[in-house]
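In what follows, a structure is listed as structure tokens, so that the remarks can point back to it.
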Amino acid sequence: QVQLVESGGGLAQPGGPLRLPCTASGNTYAIYDMGWYRQAPGKQRELVATIASGGNTNYADSVKGRFTISRDDAKNAVYLQMNNLKPEDTAIYYCNADIRPRLRSYTPDNYWGQGTQVTVSS
């Protein structure tokens with residue numbers, strides 16, 4: 001079994017910071033690309049940021065310069081540091097990862113977390 005669990009969501013002030021952690025547990029023989037996605041009310045889910053196992057990152061244009069994705073492989077974790085939050089950042093944020101659960105698994109499977117609500121409001 002593989003589980004991805006996000007936390008750290010909540011209410012934040014415009015311009016403020018918020019940090020979202022996501023931890024993988026269960027059968028996690030190897031974790032490859034990890035990322036964060038979000039879905040705002042009435043909109044489709046969109047990519048926020050990704051980080052490869054080698055450390056290369058990619059960001060949506062809307063969050064470049066404000067958000068930072070990082071990972072700690074020793075903890076099977078990925079983080080999203082959000083700074084200078086805007087009301088349009090309000091969404092459910094989902095953690096995503098490509099995970100090879102077992103040694104006998106030759107290709108990774110893709111997993112999603114349950115989501116954590118981020119609300120940016122005065």
Side-chain angles (χ1 to χ4, degrees):
Q1 296 290 332
V2 174
Q3 300 85 37
L4 278 178
V5 179
E6 312 98 327
S7 60
L11 180 64
Q13 297 283 332
L18 201 63
R19 182 176 174 86
L20 305 181
C22 173
T23 301
S25 62
N27 295 328
T28 55
Y29 177 78
I31 301 177
Y32 303 99
D33 292 353
M34 307 186 80
W36 287 92
Y37 294 73
R38 67 185 182 186
Q39 186 167 19
K43 296 183 178 180
Q44 295 188 336
R45 189 174 300 186
E46 65 176 352
L47 184 148
V48 176
T50 60
I51 182 167
S53 59
N56 289 337
T57 58
N58 183 56
Y59 297 91
D61 288 340
S62 60
V63 307
K64 284 183 178 178
R66 300 189 298 121
F67 291 8
T68 301
I69 188 171
S70 61
R71 63 192 292 163
D72 186 341
D73 291 332
K75 298 180 179 180
N76 291 341
V78 62
Y79 307 91
L80 186 67
Q81 178 66 51
M82 304 184 291
N83 296 321
N84 192 23
L85 285 164
K86 302 176 180 180
E88 51 262 44
D89 294 320
T90 296
I92 300 175
Y93 283 72
Y94 296 91
C95 178
N96 179 267
D98 290 328
I99 301 174
R100 182 182 178 184
R102 300 170 298 276
L103 176 61
R104 291 187 174 89
S105 300
Y106 295 103
T107 58
D109 296 318
N110 189 255
Y111 297 89
W112 290 92
Q114 82 288 349
T116 185
Q117 177 71 49
V118 172
T119 302
V120 184
S121 176
S122 298

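- One N or O on the side chain of Arg71 and one on the backbone of Ile51 form a donor-acceptor pair closer than 3.5 Å.
- Pairs passing the disulfide bond (SG atoms under 2.5 Å apart) check and including a residue from residues 16-113, sequence neighbours excluded, read Cys22-Cys95.
- Under the 6.0 Å cut-off for aromatic ring centres, Tyr37 and Trp112 qualify, their centroids lying closer than that.
- One distance of note links CZ of Phe67 with CG of Leu80; it measures 6.0 Å at 0.5 Å rounding.
- Each of Arg38, Gln117, Gln39 was scored for a side chain to side chain donor-acceptor pair (under 3.5 Å) with Tyr93, with one residue passing: Arg38.
- Rounded to the nearest 0.5 angstrom, Asn84 CG and Arg66 CZ are separated by 6.0 Å.
- Note that CG of Leu20 is 13.0 Å distant from OH of Tyr94, once rounded to the nearest 0.5 Å.
- Expressed to the nearest 0.5 Å, how far CD1 of Ile99 lies from CE of Met34 amounts to 6.0 Å.
- Annotation: side chain of Pro101 is in contact with side chain of Asp109 (closest heavy-atom distance under 4.5 Å).
- Side chain of Thr28 to main chain of Ser25: no donor-acceptor pair is present (N/O by atom type, distance under 3.5 Å, no hydrogens or angles).
- For the pair Thr50/Asn58, a side-chain contact is recorded, criterion being any heavy-atom separation below 4.5 Å from C-beta on.
- Between Asn83 and Pro17 the shortest heavy-atom distance is OD1-CB, 3.5 Å.
- The residues Lys75 and Asp73 are annotated as not salt-bridged, no charged nitrogen and carboxylate oxygen being separated by less than 4.0 angstrom.
- Between Val118 and Met82, the closest side-chain pair of non-hydrogen atoms falls below 4.5 Å.
- Remark: Tyr29 engages Arg100, Leu103 in a side-chain contact (heavy atoms from CB on, under 4.5 Å) (not counting sequence neighbours).
- Grouping the Ile, Leu, Val, Met, Phe, Trp and Tyr side chains by contacts below 4.5 angstrom, directly or via other members, places Val2 with Val78.
- Residues Pro14 and Ser121 have side chains not in contact (no heavy-atom distance under 4.5 Å, counting atoms from C-beta outward).
- Counting only heavy atoms from C-beta outward, the side chains of Tyr79 and Ile69 never approach each other to under 4.5 Å.
- Asp89 and Lys86 are not joined by a salt bridge, as no carboxylate oxygen comes within less than 4.0 angstrom of a charged side-chain nitrogen.
- A donor-acceptor pair is defined here as one N or O able to donate and one able to accept, closer than 3.5 Å; such a pair exists between the side chain of Thr116 and the backbone of Gly9.
- Distance check: Asn96 CG to Arg45 CZ gives 8.5 Å after rounding to the nearest 0.5 Å.
- Looking at every heavy atom in both residues, Ala77 comes nearest to Thr23 through CB-OG1, 4.2 Å.
- A 4.5 Å side-chain heavy-atom check between Ile31 and Asp98 finds every atom pair outside the cut-off.
- Cluster membership for Trp36 and Tyr59, using ILVMFWY side-chain heavy atoms within less than 4.5 angstrom, is shared.
- The main-chain N or O of Val120 is found under 3.5 Å from a side-chain atom of Thr90 such that the two form a donor-acceptor pair.
- A donor-acceptor pair is defined here as one N or O able to donate and one able to accept, closer than 3.5 Å; such a pair exists between the side chain of Gln114 and the backbone of Glu6.
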